[in-house]
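All values below come from the heavy atoms of this structure, side chains included, with hydrogens, waters and symmetry mates left out. These numbers come from a predicted model, not from an experiment. Chain A is the first sequence line, chain B the second, and so forth, proteins listed ahead of strands; every chain is numbered from 1.
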2 protein chains.
Amino acid sequence: MMKCTKCTSADAVMRAGFIRGRQRFFCKACDYHFTDNKALPAPERKRHQTTISDVAKVLGVAPSTVSRALNGHSDINSNTRQAIIDVARQLDYQPNLLAQSLKSSETKTIGVVIPDIERPFFATAISGIQQVVTEAGYRVMICQSKESYDVEVSNVQALIASRVDGLLICHSRETQNFDHVKPLACRGIPVVHFDRVSNEVDSAKVILDDWNGAFNVTEHLIEQGAQRIAILAGPESLLISRNRLAGYQHALKRNQMPLRPEYEVHIEFQPEEAVAALDAWLALPEPPDAIFAINYTNAFDLLVALKKRGLRVPDDMAVVGFGDEFMASMIEPGLTTVDLHPYRIGQQAARLFLEQMRMKENFQPRTFVISGDLVIRQSSLKGKGNYFKLEI
Amino acid sequence: MMKCTKCTSADAVMRAGFIRGRQRFFCKACDYHFTDNKALPAPERKRHQTTISDVAKVLGVAPSTVSRALNGHSDINSNTRQAIIDVARQLDYQPNLLAQSLKSSETKTIGVVIPDIERPFFATAISGIQQVVTEAGYRVMICQSKESYDVEVSNVQALIASRVDGLLICHSRETQNFDHVKPLACRGIPVVHFDRVSNEVDSAKVILDDWNGAFNVTEHLIEQGAQRIAILAGPESLLISRNRLAGYQHALKRNQMPLRPEYEVHIEFQPEEAVAALDAWLALPEPPDAIFAINYTNAFDLLVALKKRGLRVPDDMAVVGFGDEFMASMIEPGLTTVDLHPYRIGQQAARLFLEQMRMKENFQPRTFVISGDLVIRQSSLKGKGNYFKLEI
DNA sequence: AAAAATACCGGAAACGTTACCGGAAACGGT
DNA sequence: ACCGTTTCCGGTAACGTTTCCGGTATTTTT
């Protein structure tokens with residue numbers, strides 16, 4: 001018969017059902033339940049990273065002493081400290097950041113949410129972020145929303161659950177609701193917006209001066225003698241899209257040029273849309289003689305399409321873009337663009353986060369504006385015909 | 001006089017030195033030390049995220065019960081469970097992943113170390129990684145080594161300290177010593193190498209078929225009638241560099257073409273070096289009529305330099321590159337390259353990691369080879385003079 | 001109705017770390 | 001030698017979670 005685990009007598013032991021797959025017993029004498037532990041699989045030893053207690057055990061000291069020694073605390077004898085440091089090195093001790101973070105409620109990690117890491121603008125921005133925060137001892141966790149609102153929300157929640165110390169975000173194209181980045185949802189952790197921001201949320205922001213950039217590049221086209229300037233704008237829902245359109249319109253107005261609705265086309269940045277818009281323009285009685293493509297690779301799509309149609313750039317049609325510095329300099333003809341300085345944007349966003357960490361609740365959210373620089377290349381220099389590059 | 005904290009009498013209390021900046025007392029009656037707690041700053045309440053105990057307290061149940069309810073455990077009444085779930089939702093409870101990870105010693109996070117996120121190849125590879133691991137519920141922590149060995153090592157150590165569940169790494173150009181990714185240093189967590197691998201380490205690997213890609217692209221040049229093919233190779237220390245050189249050499253040999261040492265130049269991928277190499281070649285009595293640039297943007301540097309020098313591509317000088325698909329299709333003339341499928345490489349690396357997690361110690365490290373596809377464009381089509389694009 | 005089985009919950013321990021604070025020994029001055 | 005002071009170390013609790021397991025109440029069986 002079964003013996004009681006407590007009194008080791010078998011007399012008063014009786015079966016008492018099954019629990020979690022094992023036979024259960026009850027000892028009347030001890031008034032005590034227990035289960036048949038024989039059938040248990042051997043408690044396989046999990047792989048073990050050396051802990052502070054391991055170090056402590058070797059030297060016969062307390063874990064707290066080891067902690068003090070390793071963290072350069074003062075309440076410790078220098079001999080003890082050295083001995084502990086030696087043993088720690090010998091055992092290749094590495095502190096468990098999870099435990100440290102749990103204790104200190106500080107992960108030294110920030111989360112970054114961007115639409116797509118494959119876009120050079122964001123890759124460069126992340127580089128800027130990483131450079132700044134790495135110096136301050138932070139790591140970076142990167143999520144891509146792939147321009148999906150749902151993915152963005154789940155990314156943010158996952159980062160919050162991971163207890164990141166801060167959140168740097170550039171919203172997806174779809175995002176219209178910003179509850180997920182409001183202080184309540186984010187448990188008051190610092191949030192910094194960059195590039196695509198929301199005015200609904202009272203957070204630090206880094207934006208680029210879309211209006212001025214668009215204005216400058218449009219004025220440049222006018223200076224080059226362009227008479228009929230079309231704009232290939234982005235989705236109307238995007239703030240950056242609206243701002244760039246406004247800058248373009250203001251430049252036209254300031255130069256007493258008419259705003260022609262047929263010259264303003266909104267697309268979702270798809271190459272096919274850009275080509276379709278171009279063909280529609282070319283079919284007009286008065287086709288434009290210059291195009292301002294406000295984003296991404298659409299300017300390149302236009303260049304390729306124009307070449308295929310036998311039109312000369314810039315003489316028949318000038319083309320200017322916005323951003324994408326690296327590619328713009330590579331392509332032939334060189335594309336006139338506005339250098340948006342994504343690296344600086346990333347750096348600035350990171351700095352705002354760090355400042356917010358330092359100042360705590362004294363921090364006043366503010367918006368940084370990074371102004372782009374007009375970089376003039378061949379694609380807009382009407383009537384020159386020569387390669388020309390002007391770096392500002 | 002001071003009153004004892006224990007017996008509240010002041011008679012037997014005497015000063016007993018200073019400790020940590022505060023007056024210390026000793027009560028003879030109680031044989032008890034204590035300090036003057038009056039001067040302590042108010043224990044400021046830290047901001048609080050709702051925990052399992054908060055939920056438990058509301059309902060008057062034990063934390064363990066809440067845990068069971070939320071994790072869909074069986075030992076719980078369905079009414080209790082529902083009540084707990086309701087309260088949890090109401091309090092906006094989100095589990096603390098740190099605590100969970102500490103308990104389960106599983107972070108559901110993988111670390112990725114790459115040389116530079118701004119290079120499209122790596123950005124795309126990361127995208128592939130992220131797609132696969134996200135589906136499996138893992139998050140990604142990204143570090144850039146910026147081609148520095150020291151930074152790479154510290155990145156790896158930081159990721160290990162963060163207790164990532166796996167490590168996907170592409171080594172820096174400098175890295176010659178691989179101790180930091182050996183099982184011992186990595187505490188036995190799964191390590192997957194991709195692109196730039198090390199044969200020293202017995203890990204799963206994803207490599208691209210450099211040899212074949214280089215062979216194919218060189219044979220293509222020969223088919224196009226190139227007689228004197230130069231190669232702009234990378235650092236000799238890089239394995240990929242050596243493999244591509246070998247593929248190139250084999251193609252020449254197979255076609256009874258001489259290997260000319262003056263046609264083989266190793267550079268560190270810097271643009272200036274590429275231009276210098278070009279000028280050196282052009283100054284030769286017999287300059288090459290085709291160049292194979294094995295990496296990064298050097299092919300573009302060559303195209304620009306050739307254009308400036310008034311040489312026609314491909315008729316005077318054919319140029320082929322390796323990788324950088326996106327840019328290659330944008331530039332004029334289109335650059336013939338080998339599409340390396342970075343997205344697939346990332347995906348495959350991620351899958352190898354997941355498999356290793358499933359199989360545990362039964363996993364047999366193996367090497368996946370991703371073969372590149374030759375994409376022929378204008379820059380290598382000698383004597384055609386027309387725009388030609390062949391997508392495979 | 002007694003015995004056996006089941007359902008469900010609470011308590012405790014553990015993950016690895018650090019802060020706090022008291023104890024004891026060593027030290028210093030009279 | 002005594003007493004006040006300093007040095008240094010250990011114990012404990014806590015961070016938030018989950019797992020284990022015993023206890024109790026309820027249900028089922030005999």
Side-chain angles (χ1 to χ4, degrees), chain A residues 5-6 14-20 22-26 30-35 37 40 43 46 48-56 59-71 73-81 84 93-106 163, chain B residues 5-6 14-20 22-26 30-35 37 40 43 46 48-56 60-71 73-81 93-106 163:
Chain A
T5 344
K6 245 180 191 164
M14 52 179 67
R15 292 170 185 273
F18 273 84
I19 186 165
R20 284 172 282 267
R22 285 195 308 242
Q23 178 66 57
R24 197 188 208 196
F25 299 95
F26 181 64
C30 325
D31 188 37
Y32 178 69
H33 286 266
F34 61 93
T35 52
N37 284 2
L40 270 179
K46 69 173 75 172
H48 190 61
Q49 310 212 180
T50 49
T51 71
I52 241 177
S53 325
D54 294 329
V55 178
L59 288 162
V61 297
S64 50
T65 306
V66 176
S67 174
R68 263 196 307 273
L70 262 28
N71 294 347
H73 219 282
S74 64
D75 265 14
I76 193 154
N77 184 290
S78 61
N79 296 323
T80 317
R81 167 182 298 146
I84 288 174
Y93 166 76
Q94 293 220 356
N96 186 326
L97 292 187
L98 286 172
Q100 284 184 332
S101 298
L102 179 62
K103 190 76 181 51
S104 64
S105 49
E106 231 199 356
R163 300 297 194 267
Chain B
T5 343
K6 245 180 190 163
M14 52 179 68
R15 289 170 188 273
F18 274 85
I19 186 165
R20 283 172 282 265
R22 285 195 308 241
Q23 178 66 56
R24 197 187 207 194
F25 298 94
F26 181 64
C30 326
D31 187 37
Y32 178 68
H33 287 265
F34 61 93
T35 52
N37 284 1
L40 269 179
K46 68 173 75 170
H48 190 61
Q49 310 213 181
T50 50
T51 71
I52 241 178
S53 324
D54 294 329
V55 177
V61 298
S64 50
T65 307
V66 177
S67 173
R68 265 197 305 272
L70 262 28
N71 295 346
H73 217 282
S74 64
D75 266 14
I76 192 151
N77 184 291
S78 60
N79 296 323
T80 316
R81 167 182 297 146
Y93 166 76
Q94 292 219 356
N96 186 326
L97 292 187
L98 286 173
Q100 285 183 332
S101 298
L102 179 61
K103 191 75 180 60
S104 64
S105 47
E106 232 199 359
R163 300 299 195 266

One character per nucleotide, please: for nucleotides 23-30 of chain D, 5' to 3', B when the base has a protein heavy atom closer than 4.0 Å, S when only the sugar-phosphate does, - otherwise. BB------
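Residue S64(B) has its side chain nearest to dG10(C) when only dG16(C), dG10(C), dA19(C) are considered.
Each of G60(B) and L98(A) has a nearest nucleotide on DNA chain C; the 5'-most of these lies closest to G60(B). Nearest-nucleotide mapping onto DNA chain C: of S67(A) and P63(B), the residue sitting toward the 5' end is P63(B). Taking for each of S74(A) and Q23(B) the nucleotide of DNA chain D with the nearest heavy atom, the 5'-most of the two is the partner of Q23(B).
In this structure, N71(B) reaches the dT18(D) phosphate: one of its side-chain N or O atoms is under 4.0 Å from OP1 or OP2. The shortest distance between the side-chain N/O atoms of Q100(A) and the OP1/OP2 oxygens of dT18(C) is below 4.0 Å. For T65(A) and dG10(D), the shortest distance from a side-chain N or O to OP1 or OP2 is below 4.0 Å. In this model, the phosphate group of dT7(D) is not approached by any side-chain N or O of N77(A) to a distance below 4.0 Å at OP1 or OP2. For dT17(C), neither phosphate oxygen OP1 nor OP2 lies less than 4.0 angstrom from any side-chain nitrogen or oxygen of S53(A). Listed pair T80(B) / dC8(C) fails the phosphate criterion, with no side-chain N or O lying under 4.0 Å from OP1 or OP2.
Spacing between atom NZ of K103(A) and atom C1' of dG16(D) amounts to 12 Å, rounded to whole angstrom units. Atom CD1 in I84(A) sits about 11 Å away from atom C1' in dC8(D), given to the nearest Å. In this structure, the CG atom of D75(B) is 15 Å from the C1' atom of dG11(C), given to the nearest Å. Rounded to whole Å, the distance from CD1 on I76(A) to C1' on dC9(D) is 8 Å. Distance Q49(A) CD to dT17(C) C1': 14 Å, rounded to the nearest Å. Atom CG in L97(B) sits about 14 Å away from atom C1' in dT18(D), given to the nearest Å. In this structure, OH of Y93(A) is placed 10 Å from C1' of dT18(C), rounded to the nearest angstrom. Protein atom CD1 of I52(A) is 14 Å distant from nucleotide atom C1' of dG10(D), rounded to whole Å.
In this structure, the separation between CG on N77(B) and OG1 on T65(B) is 11.0 Å, given to the nearest 0.5 Å.
Using a 4.5 Å heavy-atom cutoff, the side chains of V66(A) and Y93(A) are not in contact. In this structure, R163(A) and L97(B) have side chains that are not in contact, with every pair of non-hydrogen atoms separated by 4.5 Å or more. The shortest side-chain heavy-atom distance between Q23(A) and R15(A) falls under the 4.5 Å cut-off. With contacts defined as side-chain heavy-atom distances shorter than 4.5 Å, the pair H73(A)/R81(A) does not qualify. Within the 4.5 Å cutoff, side-chain heavy atoms of L70(A) are placed close to those of I84(A).
Among the heavy atoms of the strands lying under 4.0 Å from T51(A) are primed sugar atoms or P, OP1, OP2 only; no base atom is included. S101(A) comes within 4.0 angstrom of nothing in the nucleic acid, heavy atoms only.
Residues satisfying the side-chain hydrogen bond (donor to acceptor under 3.5 Å, both in side chains) test with E106(B), not counting sequence neighbours, are none.
Ring geometry, F26(B) versus H33(B): the interplanar angle falls from 30° to 60°, so the pair is classed tilted.
One N or O donor and one acceptor, one from the side chain of R68(B) and one from the base of dG10(C), sit under 3.5 Å apart.
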